[in-house]
K.L.:
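Input: one structure, supplied below.
Being a predicted model, the structure only gives us computed values, none of them experimental.
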Amino acid sequence: MIYIGVTGWGDHDDLYPPGVKSNEKLSIYGSHFPTVEVDSSFYAVQPARNFQKWADETPEGFQFVVKAYQGMTGHQRGDIPFESRDEMFQAYKESLRPLQKAGKLAMVLFQFPPWFDVNKENVNILRDCKERMGDIPCAVEFRHQSWYHEAFREKTLSFLEAQGFIHTICDEPQAGEGSVPLVMETIHKDHVLVRLHGRNTNGWTNPGNRHNWREVRYLYDYNEEELLEWKERILELEKECNEVFILFNNNSGGHAANNAKWMIQMLGIEYTNLNPKQLDLFDL
């Protein structure tokens with residue numbers, strides 16, 4: 001099974017009719033794609049009622065890739081609103097229960113910060129995260145190149161495999177230590193995650209100020225040749241894994257949804273378990 005979607009459902013204007021309310025978007029999104037990445041869980045541990053609502057609004061078989069809370073991955077440098085690491089992880093896992101009950105939790109994505117390099121302390125953090133998450137499927141995305149340096153690449157992949165992590169394959173600009181190379185390894189027989197960030201090298205290295213860095217960094221539109229390359233890679237991944245998740249994150253200019261739809265067309269996929277599409281006024 002190949003699941004293709006985008007990161008978040010709020011910003012993809014081409015998917016929604018004019019005047020649509022924000023609380024109506026996920027249901028409409030579920031008529032286009034079978035999976036989505038939840039980004040809000042990175043900024044705050046979501047109330048379980050939010051996940052229940054999102055589970056109710058999506059069709060049977062729809063799958064959520066949920067970002068780990070920033071306190072769990074070491075992004076948050078200020079105060080964390082939990083008294084302990086135990087409490088933080090427990091609250092996060094409790095919030096996911098509606099998705100688990102509905103069979104709609106594909107995985108939790110641990111995206112570590114650019115300063116999370118390969119060293120013994122960080123290896124132990126990875127081990128601790130997986131132990132705390134128990135049997136919840138967890139993917140890891142590194143953003144420091146050292147994990148894939150020649151001396152560590154095979155050890156990194158072997159460690160992730162031994163711990164039961166899902167490998168995240170990234171397509172992104174190659175711009176020094178703060179970017180990772182394309183590593184086409186699955187390591188997990190059931191799942192692999194692919195995140196396509198675009199190839200805006202200048203925007204990656206000069207992401208603007210703290211207010212508009214997303215608008216700069218992920219501004220990219222994949223062309224036909226690049227998508228055809230990914231078509232072949234996805235077909236190869238499908239031979240190695242039961243489920244391949246492809247998420248387009250290049251939405252600074254509104255390109256992610258169109259690129260995702262183009263990829264679905266290229267692969268000849270027809271999803272049969274989507275929400276019914278709303279008819280336009282002039283549709284028959």
K.L.:
Please give me the minimum heavy-atom distance between Phe51 and Ser95, naming the atom from each residue.
P.N.:
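Of all heavy-atom pairs spanning Phe51 and Ser95, the closest is CD1-O, 3.0 Å.
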
K.L.:
Over all heavy atoms of both residues, which pair between Leu274 and Pro34 is shortest? Give the atoms and the distance, please.
P.N.:
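Looking at all heavy atoms of both residues, the shortest contact is CD2-N, 3.8 Å.
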
K.L.:
Return each pair, listed once, that meets side chain to side chain donor-acceptor pair (under 3.5 Å) where at least one residue sits in residues 151-163; pairs must be two or more places apart or across chains.
P.N.:
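Output for this query is empty, none listed.
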
K.L.:
Go through Tyr220 and Leu196 one step at a time and tell me if the side-chain contact (heavy atoms from CB on, under 4.5 Å) criterion holds.
P.N.:
CA-CA 10 Å; Tyr220 194 79; Leu196 295 106; over 6 Å; no

K.L.:
Where the side chain of Gln174 meets the backbone of Val180, is there a donor-acceptor pair that is under 3.5 Å apart?
P.N.:
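Here the side-chain-to-backbone pair exists.
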
K.L.:
Is Lys101 atom NZ crowded by more than 12 heavy atoms from other residues, nucleotides or ligands, each under 6.0 Å away?
P.N.:
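Counting neighbours around NZ of Lys101, 12 or fewer heavy atoms of other residues, nucleotides or ligands fall under 6.0 Å, so no.
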
K.L.:
Output yes when a side-chain donor or acceptor of Ser41 lies under 3.5 Å from a complementary backbone atom of Ala68, and no otherwise.
P.N.:
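Not a single qualifying donor-acceptor pair exists.
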
K.L.:
List the residues meeting salt bridge (Lys or Arg N to Asp or Glu O under 4.0 Å) with Glu94, not counting sequence neighbours, and say none if there are none.
P.N.:
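Testing Glu94 for salt bridge (Lys or Arg N to Asp or Glu O under 4.0 Å), a comparison that skips the adjacent residues, returns Arg97.
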
K.L.:
What distance separates His197 NE2 from Glu172 CD, expressed to the nearest 0.5 Å?
P.N.:
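If I round to the nearest 0.5 Å, the distance is 5.0 Å.
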
K.L.:
I'd like to know whether Leu126 forms a side-chain contact (heavy atoms from CB on, under 4.5 Å) with Phe116, so could you lay out the CA-CA distance, the side-chain angles of the two residues, the decisive distance to 0.1 Å, and finally the verdict.
P.N.:
CA-CA 11 Å; Leu126 286 165; Phe116 189 85; 4.2 Å; yes

K.L.:
Just wondering, do Ser40 and Trp54 contact through their side chains at under 4.5 Å, heavy atoms?
P.N.:
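Yes, close enough: below the 4.5 Å cut-off.
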
K.L.:
Under 3.5 Å, is there a donor-acceptor pair between the side chain of Gln145 and the main chain of Gly176?
P.N.:
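The answer is yes, because a donor-acceptor pair under 3.5 Å joins these two groups.
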
K.L.:
Do Phe142 and Val183 have side-chain heavy atoms sitting under 4.5 Å apart?
P.N.:
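The answer is no; the side chains never approach within 4.5 Å.
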
K.L.:
Pairs of donor and acceptor atoms involving the side chains of residues 127-137, under 3.5 Å and at least two apart or interchain, shall be tabulated with distances.
P.N.:
from, atom 1, to, atom 2, distance (Å)
Arg127, NH1, Asn124, OD1, 2.7
Asp128, OD1, Arg132, NE, 3.1
Asp128, OD2, Arg85, NE, 2.8
Asp128, OD2, Arg85, NH2, 3.1
Asp128, OD2, Arg132, NE, 2.8
Lys130, NZ, Gly134, O, 3.1
Arg132, NH1, Asp86, OD1, 2.4
Arg132, NH2, Asp86, OD1, 3.3

K.L.:
Hey, does Glu177 have a side-chain heavy atom less than 4.5 Å from the side chain of His149?
P.N.:
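Contact flag for His149/Glu177 side chains = yes.
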
K.L.:
Using a strict threshold of under 4.0 Å (side-chain N to carboxylate O), is an ion pair present between Glu240 and Lys189?
P.N.:
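No, Lys189 and Glu240 are not salt-bridged.
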
K.L.:
Tell me, do Val140 and Phe159 make a side-chain contact under 4.5 Å, heavy atoms counted?
P.N.:
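Not touching, per the 4.5 Å side-chain cut-off.
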
K.L.:
State the CZ-CG distance between Phe62 and Leu26, to the nearest 0.5 angstrom.
P.N.:
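If we round to the nearest 0.5 Å, Phe62:CZ and Leu26:CG are 6.0 Å apart.
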
K.L.:
For Asn50, give me all partners under side chain to side chain donor-acceptor pair (under 3.5 Å), at least two apart in sequence or on another chain.
P.N.:
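Only Gln46 meet the side chain to side chain donor-acceptor pair (under 3.5 Å) criterion with Asn50.
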
K.L.:
So, for Phe245 and Met107, which heavy atoms are closest and what is the spacing to 0.1 Å?
P.N.:
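Of all heavy-atom pairs spanning Phe245 and Met107, the closest is CD1-CE, 3.7 Å.
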
K.L.:
Quick one: does Ser27's side chain have a donor or acceptor within less than 3.5 Å of a partner on Glu24's backbone?
P.N.:
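Pair absent, no side-chain N/O of Ser27 close to backbone of Glu24.
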
K.L.:
Residues in salt bridge (Lys or Arg N to Asp or Glu O under 4.0 Å) with Asp117, at least two apart?
P.N.:
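Asp117 satisfies salt bridge (Lys or Arg N to Asp or Glu O under 4.0 Å) with no other residue.
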
K.L.:
To the closest 0.5 Å, what do you measure between CG (Leu247) and CD (Glu37)?
P.N.:
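Leu247 atom CG to Glu37 atom CD measures 5.5 Å (nearest 0.5 Å).
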
K.L.:
Can you check whether Val194 reaches Asp171 side chain to side chain, under 4.5 Å on heavy atoms?
P.N.:
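No, side chains not in contact.
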
K.L.:
Taking C-beta and beyond as the side chain, do Tyr69 and Met88 meet within less than 4.5 Å on heavy atoms?
P.N.:
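They are in side-chain contact.
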
K.L.:
List the steps, then state whether side chain to side chain donor-acceptor pair (under 3.5 Å) holds for Asp11 with Asn251.
P.N.:
CA-CA 8 Å; Asp11 300 328; Asn251 200 49; 5.0 Å; no

K.L.:
Looking only at heavy atoms, what is the nearest atom pair of Ala48 and Pro98, with distance?
P.N.:
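Reported closest heavy-atom pair: O-CG, 3.4 Å.
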
K.L.:
Is the terminal nitrogen or CZ of Lys104 (NZ for Lys, CZ for Arg) located under 6.0 angstrom from the six-membered ring centre of Phe64 and within 45° of that ring's axis?
P.N.:
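Lys104 over Phe64 ring: no.
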
K.L.:
Compare every heavy atom of Ala139 with every heavy atom of Thr168, then report the nearest pair and how far apart it is.
P.N.:
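Where Thr168 meets Ala139 most closely, the heavy atoms are OG1-CB, 3.7 Å.
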
K.L.:
Does the pair Tyr29 and Phe33 meet the rule for a ring-ring contact (aromatic ring centres under 6.0 Å, His included), with working shown?
P.N.:
CA-CA 6 Å; Tyr29 176 96; Phe33 301 111; 5.3 Å; yes

K.L.:
Can you confirm if the aromatic rings of His75 and Phe112 lie within a centre distance of less than 6.0 Å?
P.N.:
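Ring-ring flag for Phe112/His75: false, centres at least 6.0 Å apart.
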
K.L.:
Go through the structure and list residues passing salt bridge (Lys or Arg N to Asp or Glu O under 4.0 Å) with Lys21, not counting sequence neighbours.
P.N.:
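Listed in chain order: nothing, the list is empty.
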
K.L.:
Could you walk me through whether Val65 and Val36 pass the side-chain contact (heavy atoms from CB on, under 4.5 Å) test, one step at a time?
P.N.:
CA-CA 6 Å; Val65 175; Val36 74; over 6 Å; no

K.L.:
Rounded to the nearest 0.5 Å, what's the gap from CG on Leu160 to SG on Cys138? Could you check?
P.N.:
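Reported value, rounded in 0.5 Å steps: 11.5 Å.
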
K.L.:
Heavy-atom distance under 4.5 Å between the side chains of Phe248 and Thr7, does that happen here?
P.N.:
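No, their side chains stay 4.5 Å or more apart.
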
K.L.:
Got a sec, which residues hit ring-ring contact (aromatic ring centres under 6.0 Å, His included) with Tyr16, two or more places apart in sequence or on another chain?
P.N.:
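ring-ring contact (aromatic ring centres under 6.0 Å, His included) list for Tyr16, sorted by chain: empty.
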
K.L.:
Taking all non-hydrogen atoms of both residues, which atom of Ser146 and which atom of Val118 are closest, and how far apart?
P.N.:
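Taking every non-hydrogen atom into account, OG-N, 3.0 Å.
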
K.L.:
Going by the rule side chain to side chain donor-acceptor pair (under 3.5 Å), which residues pair with Lys93 if we only count those two or more places apart in sequence or in a different chain?
P.N.:
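Result, side chain to side chain donor-acceptor pair (under 3.5 Å) vs Lys93: none returned.
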
K.L.:
What donor-acceptor contacts under 3.5 angstrom involve side-chain atoms of residues 257-268, with partners at least two apart or in another chain?
P.N.:
from, atom 1, to, atom 2, distance (Å)
Asn258, ND2, Asp14, OD2, 3.1
Asn259, OD1, Tyr222, N, 3.1
Asn259, OD1, Asn250, ND2, 2.8
Asn259, ND2, Asp221, OD1, 3.0
Lys261, NZ, His32, ND1, 2.7

K.L.:
Out of curiosity, Leu157 CG to Ile187 CD1, how far, rounded to the nearest 0.5 Å?
P.N.:
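With rounding to 0.5 Å, CG (Leu157) is 6.0 Å from CD1 (Ile187).
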
K.L.:
Who are the salt bridge (Lys or Arg N to Asp or Glu O under 4.0 Å) partners of Glu226, not counting sequence neighbours?
P.N.:
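Listed in chain order: Arg199.
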
K.L.:
Check the angle between the aromatic planes of Phe110 and Phe89 and answer parallel, tilted or perpendicular using the 30° and 60° thresholds.
P.N.:
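Phe110 vs Phe89 ring planes: parallel.
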
K.L.:
To the nearest 0.5 Å, how far apart are OG in Ser31 and OH in Tyr271?
P.N.:
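Separation between the atoms: 14.0 Å.
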
K.L.:
Looking only at atom types and distance, does a side-chain atom of Gln63 sit under 3.5 Å from a main-chain N or O of Thr35, one as donor and one as acceptor?
P.N.:
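Pair absent, no side-chain N/O of Gln63 close to backbone of Thr35.
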
K.L.:
Does a side-chain heavy-atom distance below 4.5 Å link His167 with Leu193?
P.N.:
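No, too far: nothing below the 4.5 Å cut-off.
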
K.L.:
May I ask you to say whether Lys239 pairs ionically with Glu236, meaning some side-chain N is under 4.0 Å from a carboxylate O?
P.N.:
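Counted as a salt bridge, because a side-chain N and a carboxylate O are separated by less than 4.0 Å.
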
K.L.:
For Lys25 and Trp9, indicate whether the former's side chain and the latter's backbone hold a donor-acceptor pair under 3.5 Å.
P.N.:
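The answer is no, because no donor-acceptor pair under 3.5 Å joins these two groups.
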
K.L.:
Apply side chain to side chain donor-acceptor pair (under 3.5 Å) to His191 and list each qualifying residue two or more places apart in sequence or on a separate chain.
P.N.:
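Once residues adjacent in sequence are excluded, the partners of His191 under the side chain to side chain donor-acceptor pair (under 3.5 Å) criterion are Glu243.
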
K.L.:
For His144, which residues count as a ring-ring contact (aromatic ring centres under 6.0 Å, His included) partner, sequence neighbours excluded?
P.N.:
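His144 satisfies ring-ring contact (aromatic ring centres under 6.0 Å, His included) with no other residue.
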
